[in-house]
Amino acid sequence: MNATPFGRSLWLVLRKDLTVEVRSREIAYTTLFFAASCVLVFAFALVREGRAPEGGAAGILWIAIAFAGTLALGRTFERERQSETLRALLLSPMPRPAIYVGKLLGIVALLVGTELVLVPLVVFLFNARLFAHPFWLAGIVLGGTIGYAAVGTLFAAMLVRARSRDVLLPVLLYPVVVPVIIAGVQGTTALLQPNFDAVLVRFWLLLLVTFDVVFVVLALWTFEAVMSD
Amino acid sequence: MPKWFTPAAILCGLMFVISPVLIARAPDEASMGMVYKIYYYHMPSAWMFLLAPLVCGVSSAMFLVRGRPGDDRRAWAAAELTVLFGALTLITGPLWARRAWGTWWVWDARLTSSLVGWMIAWAYLILRRYGGPGSDKLAAGVALFGAVNVPFIFISVNYWRTIHPPTTVVPKLRVDMGVPLWFCVFAFLLLFMLLMTMRLRLEETRARLDDLYVALDE
C-alpha cells in the first residue's frame, strides 16, 4: 500500500502542519507565552537581592523547554483528534514512519522557533554568557530538542485516543526524557563555565546525539506497531 | 498453580530464613565493618530490578508483534515487580549510603538512572490503570523505553565517575563473602519467579472470568 514515497509523504505531513500553524499561530503564541511565564516564575523563585544564582540559567532554560514542549505536543495532537484527522492520516496510503517523522519535524520546528526567543530571554534576564560559543549552544539545544520531541511525538500520538491524555502525557514523558534533560542541562552548564572545556561540551553533545538516535529508531518502530489499528 | 510451585515456595521461604544466618557469619569488610552487610539484600534486589524491566520490555515487544494477551499479562506482572524490587533497592541503597558515604542520596549516574527506571515502571502502571481502553498497547510502547534504560543503569558505574561500587566488584569477592551473596541472589530469583507465576495466574483467572461473563450475556 506504500503508494506515496517516503520523502514526499513526510513533506506533505510537515507542510500541512506548518500551513495550519502559520495561518492560526495558535500553538506558537501560546507555547512562547507559556515558556516566557516559566522563566519569570523561576526568576521570582531563584533571584535573591536582585542577583541570579550561579549556573541557574541552564536549568531554567531546559525546564522552560520541557514544560512548553508538553503544551505544544498536547495541543498539536488535540488538533489532530478534533476531526479524527489522525485516523485519516493513518488510513492514507502513506508509510507510517513518514507520518511520524513529518509530525516530529513539525514539533521540532515549533520548539526551535520558541527557543529562538527563549534563549535570548534567559541570556538577558540571568546575565548568562550563552552566546560566547553559538555553534556549540545551537548543537546542544537542537540535540536536546530532537531527543525530547522524538519521545514526545510518539507518546502524544499514542495517547490521542486514551482517557485523561492531558495528565498522562507529562506522567509518561518526563521519566523517559530525563536523560535528555540531564545531558542538555550539563552541556549548557559546561558552556557557561569561565574556562571553556570543549572536550566536556563535546561529550555531552555526543551523548545527546546517541539518545537522539536510540529514541528516534525505537519510536519509529513503536509508532508503526502501536498505531496499527 | 503448576506442580513445582508449592515446593519452590517452601524452598524460597527456607532460604530467606537461613539467609540472615549466612549473612551474620560472613566476615566484616575491612573499611566498613558489618555495615556493608545490607549489600547481601541490596545487590540481589537490584539485579531483579534490572531483570524485571527487561522481561517487561521483551514481553511488550512480543505483544506488539504477535498481539497475544499472554505476553501483555507477563509485561504487566513484570512492571509491578519492577516497582517492588525497585522499592527494595532504593530503600536498602540509601541505608548503606548513609553509613558508607555519609549521605542518604547523591545525584550520580547509577542512582539517577535507577530512579528514572523506577519512575518509568510507575508511569507504565499509571497508564494501565487510568488510560482506558487500548492502554495495553500504549503501555507496551512505554515499556520498550523502560527496557532501553536498563543497560544504561548497568554500565553507568563503569563509565561515569561515581562513588557507587562498580560491577567488577562481584567476581573479585572472597569465597566466604561470595557464597552468602550468590545464595541471596538465588533466593531473590526464586522469589521473583514465584511472584511472577502468582501474578500471571491471577490475571489468567481474571481473563477467564471475564470471558465467562461475556458468554453468559450472549
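Chain letters run A, B, ... following the sequence lines, proteins first, then strands; residues in each count from 1.
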### Message
Looking at chain A, which one of B:Val65, B:Leu115, B:Val116, B:Ile120 has the largest number of heavy-atom pairs inside 4.5 Å, strictly under?
### Response
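Winner by heavy-atom pair count: B:Ile120.
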### Message
Only pairs of heavy atoms separated by less than 4.5 Å count here; which of B:Val148, B:Leu144, B:Asn149 has the most with chain A?
### Response
B:Leu144
Which class fits the ring pair [X] and [Y]: parallel under 30°, tilted 30 to 60°, perpendicular over 60°?
X        : Y        : result
B:Phe16  : B:Tyr41  : perpendicular
B:His164 : B:Trp101 : perpendicular
B:Phe85  : B:Phe192 : tilted

Between [X] and chain B, with a heavy-atom cut-off of 4.5 Å, which part of the residue counts as in contact: side chain, backbone, both or neither?
X        : result
A:Leu172 : both
A:Ile182 : side chain
A:Val214 : side chain
A:Phe155 : side chain

### Task
For A:Tyr100 and A:Arg96, test the side chains for any donor-to-acceptor distance below 3.5 angstrom and give the result as yes or no.
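No - no donor-acceptor pair under 3.5 Å links their side chains.
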#### Entry: A:Thr188 and A:Trp62: side chain donor to acceptor below 3.5 Å
yes
Which residue out of [options] racks up the most heavy-atom pairs below 4.5 Å with chain B?
options                                : value
A:Val178, A:Leu159, A:Val176, A:Leu173 : A:Val176
A:Thr222, A:Val171, A:Leu218           : A:Leu218
A:Pro175, A:Ser164, A:Pro179, A:Ala162 : A:Pro175

### Message
Less than 4.5 Å to any heavy atom of chain A: does that hold for the side chain of B:Val142, its backbone, both, or neither?
### Response
both
### Interface moiety of B:Thr112 toward chain A, non-hydrogen atoms closer than 4.5 Å
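Side chain only.
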### Salt bridge present between A:Glu80 and A:Lys16 (N-O < 4.0 angstrom)
yes
### Message
Minimum heavy-atom separation for B:Met48 and B:Pro53, please, with both atom names.
### Response
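B:Met48 and B:Pro53 have their closest heavy atoms at O-CD, 4.5 Å.
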### Query
Distance under 6.0 Å and angle within 45° of the ring axis: does A:Lys103 meet both against A:Phe77?
yes
